[in-house]
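A short worksheet on the structure shown next.
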Amino acid sequence: MAELTHIIDSEVVLAFSTYATIVVLKMMLMSPMTAYFRFTRKCFANMEDTGMAKTPEDKKRMLRVDPDVERVRRCHQNDLENIIPFIVIGLLYTLTGPDLSTALLHFRVFVGSRLFHTVAYILPLPQPSRGLAWMVGMGATFSMAYRVLSTTHL
Amino acid sequence: MAELTHIIDSEVVLAFSTYATIVVLKMMLMSPMTAYFRFTRKCFANMEDTGMAKTPEDKKRMLRVDPDVERVRRCHQNDLENIIPFIVIGLLYTLTGPDLSTALLHFRVFVGSRLFHTVAYILPLPQPSRGLAWMVGMGATFSMAYRVLSTTHL
Amino acid sequence: MAELTHIIDSEVVLAFSTYATIVVLKMMLMSPMTAYFRFTRKCFANMEDTGMAKTPEDKKRMLRVDPDVERVRRCHQNDLENIIPFIVIGLLYTLTGPDLSTALLHFRVFVGSRLFHTVAYILPLPQPSRGLAWMVGMGATFSMAYRVLSTTHL
């Protein structure tokens, strides 16, 4: 049973829980950021959201696409496409019982790359900063996936 | 080992499994609902989906954007952006061994808020009903994330 | 404790880890495929991505929507909408301790249906091939959700 206790109580599980929560919270914060840009740019997707307008013409004018809102939404979508695979593969990776230092390296590189990716997308920073941040995050997830597949004897 | 048995066999895990499955099934049902609106509105995104049309002109006319279809798709996207964080953070929260009653409160408030959110989005109900449903769901997830981070001694 | 050991060390968990990782890697590969189509079609969403253009007019011309890029992105979105529910419900299903052969059947049918779905979407193959692949995948996930809900005594 020593192995089992090791898996559940291990520091790797605690580290994964912490970093997974941080990066999911970061992803969730894109929603209020979208709402902020929608209200400040007065740009909405649903007629019932234009209650701040006084005339029907103003309401219609608020049903539009704004470049700043779309930028935040693309960043949010990129988070969904990259952070969810990290969570799934990171959890399975954690169950393979990696070294704490190796696991921390993967988690920190991924979370750091996604924080930088968001900054690079929203400001925006000149390319290839955003592209590199995306690749580093993908690399960390692929590296964990390799260990999962080689441990489970595909 | 008592603690371990507690974690795996606990009623909190069973409760999480039940509510997570319900809310994921709700999210999945947005796909058939999108298909339903696409067929009844005759509005498709791919040329190969317009087989019901008889002439090439009819086919092209079906490649359009319909406001009802887009509304269902925005609701589905909002589900992805909110329900997936709930699943990830809810699972980690479950592993921190919370009281059953506190955990049930979080799970029920979240699932209830998302069911109401869907109704408010599709009908639609006047604002701020949809906005409040969204905030209540975010609040439940943030509350669980706080416990995860304070338990893992960030 | 025999049951616990069974759950963690079981071949069902190993099988789930393998198939979940494969299907998540497949989903992740849609990102480089989108990038590939964006570069070969010279079609971007952000002004800072158009660095290969020489004149400001060329840059603006690259900020457009391309049907091939949109097709890959719709396929990616469909993956998010279907593969994530499979991962969540498949993990909970794995914890209910199903027979290995039944579990393998579910995992293989789902992963096979999604691989075929991607081929059918990108080529594209004539309908209803893509529609059937989508339905088969949904069916596998619903079947696992049924077992989760009946095991947890909803």
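Note: hydrogens, waters and symmetry copies are ignored here, and every other heavy atom, side chains too, is used. Note on naming: letters A, B, ... go to the chains in the order of the sequence lines (proteins, then strands), and numbering restarts at 1 for each one.
B:Ile83 does not touch chain C: none of its heavy atoms, backbone or side chain, sits under 4.5 Å away. Neither the backbone nor the side chain of C:Glu70 comes within contact range of chain B; no heavy atoms are under 4.5 Å apart. At a 4.5 Å heavy-atom cutoff, the contact between C:Leu125 and chain B is made by backbone atoms alone. Interface remark: B:Leu63 contributes no atoms to any contact with chain C (heavy atom separation under 4.5 Å).
Not a single side chain to side chain donor-acceptor pair (under 3.5 Å) links C:Lys42 to another residue, sequence neighbours left out.
Closest approach of C:Arg74 and B:Ala45 over heavy atoms only: NH2-O, 3.4 Å. The two residues B:Ser31 and C:Trp134 come nearest to each other via the heavy atoms CB-CZ2, 3.5 Å.
Annotation: C:Tyr36, atom OH; neighbour count of heavy atoms from other residues, nucleotides and ligands within 6.0 Å does not exceed 12.
Between chain C and the residues B:Met30, B:Met27, B:His76, the most heavy-atom pairs under 4.5 angstrom are made by B:His76.
Under the 4.5 Å side-chain criterion, counting only non-hydrogen atoms from C-beta, C:Gln127 is not in contact with B:Asn46. Inter-residue side-chain proximity for C:Leu149 and B:Leu25 is flagged as met; some heavy-atom pair is nearer than 4.5 Å. A 4.5 Å side-chain heavy-atom check between B:Met47 and C:Pro67 finds every atom pair outside the cut-off.
Counting only N and O atoms by type, the side chains of B:Thr18 and C:Thr152 include a donor and acceptor under 3.5 Å apart.
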Residues B:Ile84, C:Leu80; criterion side-chain contact (heavy atoms from CB on, under 4.5 Å); working and verdict: CA-CA 10 Å; B:Ile84 296 165; C:Leu80 287 171; over 6 Å; no
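Remark: B:Thr21 OG1 to C:Tyr146 OH distance equals 14.0 Å, nearest 0.5 Å. Note that CD1 of B:Ile87 is 12.5 Å distant from CD1 of C:Ile87, once rounded to the nearest 0.5 Å. Atom OH of C:Tyr121 sits about 7.0 Å away from atom CD of B:Glu48, to the nearest 0.5 Å.
C:Glu81 has no carboxylate O lying under 4.0 Å from a charged side-chain N of B:Arg73, or vice versa, which leaves the two without a salt bridge.
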